[in-house]
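Notes follow the structure.
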Amino acid sequence: MLDIKYILANQEEYAGMLKNRKHDFDLGILSGLDAKRRKIIGETEDLKAKRNEGSKRIGMAKNDPSLDVPAMKAEIKAMGDKIKELDTELAQVEEELHTHLMTLPNKLSATTPIGNDENDNPVVRTWGEPKKFDFEPKPHWDIAEALGIMDFEKGVMLAQSRFTVLQGLGARMERALVNFMLDLHTKEHGYLEVEPPFMVRSAILEGTGQLPKFAEDLYKLQNDDLWLIPTAEVPLTNLNRESILEEKDLPKYYTAYTPCFRREAGSAGRDVRGLMRQHQFDKVEMVKICTPETSYDELEKLTSNAEDVLKILNLPYHVVNLCSGDIGFGSCKTYDLEVWLPSQNKYREISSCSNCEDFQARRMNLRYRPSDGSRPRFVHTLNGSGIAVGRTLIAIIENYQNEDGSITIPEALVPYMNGLTRIDLR
RNA sequence: GGAGACGUGGCCGAGUGGUCGAAGGCGGUUGACUCGAAAUCAACUGAGCGGCUUGCCGUUCCUAGAGUUCGAAUCUCUACGUCUCCGCCA
């Protein structure tokens, strides 16, 4: 959510951003509602001041027989009725305003390029070189099925399409990757490991921006106000909501492993085979809470923390800067990490690192008190995958495949696999 | 799931219908004293919103929502949470 004052004071600038995001909205609606709101507040507060004064007088006068207390009461009661009326009207206006503000996307960073779609995302840097195979590299589903480490049919049998069963060394490597990533972020990058709830209430999802707009992407429990989390960003970012942190306690770095649940509405037909796009997948997430002055430096560091995972696993990747037409609703600036997949002969998303500035902080009411003791300010929040575990498994299987159908285990992962160096056909 | 108790500011804790944004303490900031923020003393010390003469005025907030009343931290109802006992369970 953005500050209504910012929007009204910078209508042209923000309207331009909306256009670049391809979000159609007439900002004039907001100024009308805001003017109405101020008018009602003026009237109702005026009446409340009079009522408070009158009630106080009754309290002091009730033992004085020369005063007509019933008449005073009647007069103030009329005021009370009028106040109730105005307050109801005010609540309606504020709700309408709030609904608009909650469905408007974030600002864009000056360093976010303008563009239409993913084809306009500039490559910021490239690391490693795609390996040359002297045989035709296979897609991960063929390799994994032959090795008996993934069973796609059983996933469908137990749940529905876009669910997969990992077993044996496939399940083992998934767990190894989670441990490897968490160890890296906690020991080398200074993050606090958290195990959050995998279900959260509606207000929590409003805090990070998934609600109210994107309910169709989420799984909702039938009998409770609880939703399955689509990413650990949601519980981690909300950990300190509705509070005022001390500047000396910032920045805060959190990391968590969680499963993520997404309905994938609107992606029918895309990545239908394999583990690429699942309704349930594992992810290690990183979240930062920091001051406005440091958030863009923190974004660079966060992104490099995610890149380290790929570097250590020796997986070629590049970093792209998401353009205005592709960037997410709540983000001002996003770097996507895309890993090389030999079977597709292209780079595919494996991590997304975003600076949301104070967009989520406003929705969560998360502030900090500057160390000079001045008024509380909203924090900036950042999040990034560190990284998507299932897609890392795909990248390892494809990049480390051998001609005989076996997979070499990346050196850094060997200790997490009980010393195992290869997965062979049985 | 059943029964009972409770939910007050950063923390602890008074307050059972008016003068209460709320005693007192702790914590914090500043000043005095001092070689020295060790002790002592003094003052200050919540947030949101609205207005304008930008420092003040007004208003709202005592878990949340609704109600009674001229007036609610205080009374009523509901929800949520915490604690204790019982039941159940990993």
Side-chain angles (χ1 to χ4, degrees), chain A residues 1-9 30-102 195-207 221 223-227 235 238-250 252 259 289 358-379:
Chain A
M1 185 165 69
L2 293 169
D3 186 357
I4 178 82
K5 288 177 189 158
Y6 157 79
I7 296 178
L8 295 181
L30 297 184
S31 48
L33 284 170
D34 188 61
K36 201 167 165 190
R37 172 177 154 267
R38 284 162 197 270
K39 182 170 169 283
I40 299 171
I41 286 174
E43 290 172 16
T44 190
E45 289 197 348
D46 206 41
L47 279 171
K48 281 175 183 170
K50 286 194 182 119
R51 179 183 66 180
N52 289 345
E53 196 198 338
S55 291
K56 206 172 275 187
R57 246 192 342 232
I58 290 173
M60 291 186 291
K62 62 185 171 184
N63 298 322
D64 183 345
S66 71
L67 291 167
D68 186 357
V69 172
M72 293 164 79
K73 284 187 184 180
E75 186 196 348
I76 295 168
K77 176 150 180 73
M79 275 184 208
D81 293 343
K82 180 68 182 168
I83 288 168
K84 196 167 280 186
E85 216 174 278
L86 285 171
D87 277 346
T88 305
E89 204 181 323
L90 179 63
Q92 282 167 0
V93 172
E94 288 191 326
E95 195 193 321
E96 202 177 330
L97 200 50
H98 188 247
T99 301
H100 286 305
L101 288 174
M102 287 294 274
E195 163 131 342
F198 300 161
M199 293 182 249
V200 296
R201 344 172 327 241
S202 300
I204 301 304
L205 287 151
E206 284 168 8
L221 271 71
N223 297 322
D224 301 277
D225 176 32
L226 287 173
W227 308 67
N238 276 282
L239 267 180
N240 299 290
R241 79 196 320 264
E242 282 159 49
S243 61
I244 301 173
L245 303 171
E246 295 297 327
E247 181 170 3
K248 67 174 164 56
D249 296 329
L250 298 178
K252 286 181 178 286
I289 313 288
D358 65 7
F359 186 79
Q360 296 178 323
R362 284 178 191 284
R363 297 165 85 102
M364 296 187 298
N365 195 20
L366 174 56
R367 293 169 291 172
Y368 76 99
R369 184 175 304 280
S371 24
D372 65 9
S374 56
R375 300 180 64 229
R377 304 167 73 197
F378 288 107
V379 298

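Proteins come first, then strands; the chains are lettered A, B, ... in the order of their sequence lines, and each starts at number 1.
For the salt bridge (charged side-chain N to carboxylate O under 4.0 Å, His left out) condition, the pairs that include at least one residue of residues 31-40 of chain A, sequence neighbours left out, are A:Asp34-A:Arg37, A:Asp34-A:Arg38, A:Arg37-A:Glu94, A:Lys39-A:Glu43.
Each of A:Ile244 and A:Asn52 lies near RNA chain B, and the nucleotide nearest A:Ile244 is the one positioned closer to the 5' end.
Near RNA chain B, meaning a heavy atom under 4.0 Å away, the residues from residues 40-49 of chain A are A:Ile41, A:Glu45, A:Lys48, A:Ala49.
B:rG27 is paired with B:rU45 under the Watson-Crick or G-U wobble criterion, all donor-acceptor distances under 3.5 Å. Checking B:rG9 for Watson-Crick or G-U wobble geometry (two distances, each under 3.5 Å) identifies no partner in any strand. In this structure B:rA39 sits in no base pair that meets the Watson-Crick or G-U test at under 3.5 Å. Using Watson-Crick or G-U wobble geometry with both donor-acceptor distances under 3.5 Å, B:rC89 finds no partner in any strand shown. B:rG21 is unpaired under the criterion used here, namely a Watson-Crick or G-U wobble arrangement in which both key atom distances are under 3.5 Å. B:rG71: no Watson-Crick or G-U partner with both key distances under 3.5 Å is found in any strand. Under the Watson-Crick and G-U wobble criteria, each requiring two contacts below 3.5 Å, nucleotide B:rG50 is paired to B:rC57. Base pairing annotation: B:rU78 forms a Watson-Crick or G-U wobble pair with B:rA64, both donor-acceptor distances under 3.5 Å.
Residues meeting the salt bridge (Lys or Arg N to Asp or Glu O under 4.0 Å) test with A:Asp46, sequence neighbours left out: A:Lys50. In terms of the side-chain hydrogen bond (donor to acceptor under 3.5 Å, both in side chains) criterion, residue partners of A:Asp87 (sequence neighbours excluded) are, by chain and number, A:Thr44, A:Lys48. Every residue was checked against the side-chain hydrogen bond (donor to acceptor under 3.5 Å, both in side chains) condition with A:Lys77, not counting sequence neighbours, and none meets it. Annotation: ring pair (Phe, Tyr, Trp, His ring centres under 6.0 Å) contacts of A:Phe359 (sequence neighbours excluded): A:Phe329.
B:rA42 and B:rA37 have their C1' atoms separated by 15 Å, with the value rounded to a whole Å. The gap from the P atom of B:rG17 to that of B:rC75 amounts to 9 Å, rounded to the nearest Å. For the P atoms, the distance linking B:rA14 with B:rG24 amounts to 15 Å, nearest Å. For the C1' atoms, the distance linking B:rA22 with B:rA38 amounts to 34 Å, nearest Å.
Rounded to an integer number of Å, the gap from A:Ile4 CD1 to B:rC49 P is 13 Å. If you measure from atom CD1 of A:Ile83 to atom P of B:rG50, you get 19 Å, rounded to the nearest angstrom. Taking atom CD of A:Glu247 as the reference point, atom C1' of B:rG10 lies 17 Å away to the nearest angstrom. The distance from atom CE of A:Met79 to atom C1' of B:rC70 is 10 Å, rounded to the nearest whole Å. To the nearest angstrom, P of B:rC49 lies 12 Å from CG of A:Asp34. Between the CD atom of A:Glu53 and the C1' atom of B:rU19 there is a distance of 14 Å, rounded to whole Å.
Atom-to-atom distance recorded for A:Leu90:CG and A:Glu95:CD is 11.5 Å, nearest 0.5 angstrom.
Across all strands, A:Lys50 comes closer than 4.0 Å to no nucleic acid atom at all (heavy-atom distances). Residue contacts shown for A:Lys39 are absent, as no nucleic acid heavy atom lies under 4.0 Å away. Across all strands, A:Arg201 comes closer than 4.0 Å to no nucleic acid atom at all (heavy-atom distances).
For the pair A:Asn238 (side chain) and A:Ile204 (backbone), a donor-acceptor distance under 3.5 Å is present.
Within a 6.0 Å radius of CE in A:Met199, no more than 12 heavy atoms belonging to other residues, nucleotides or ligands are found.
Between A:Lys84 and B:rU68 there is a side-chain N or O to OP1 or OP2 distance below 4.0 Å.
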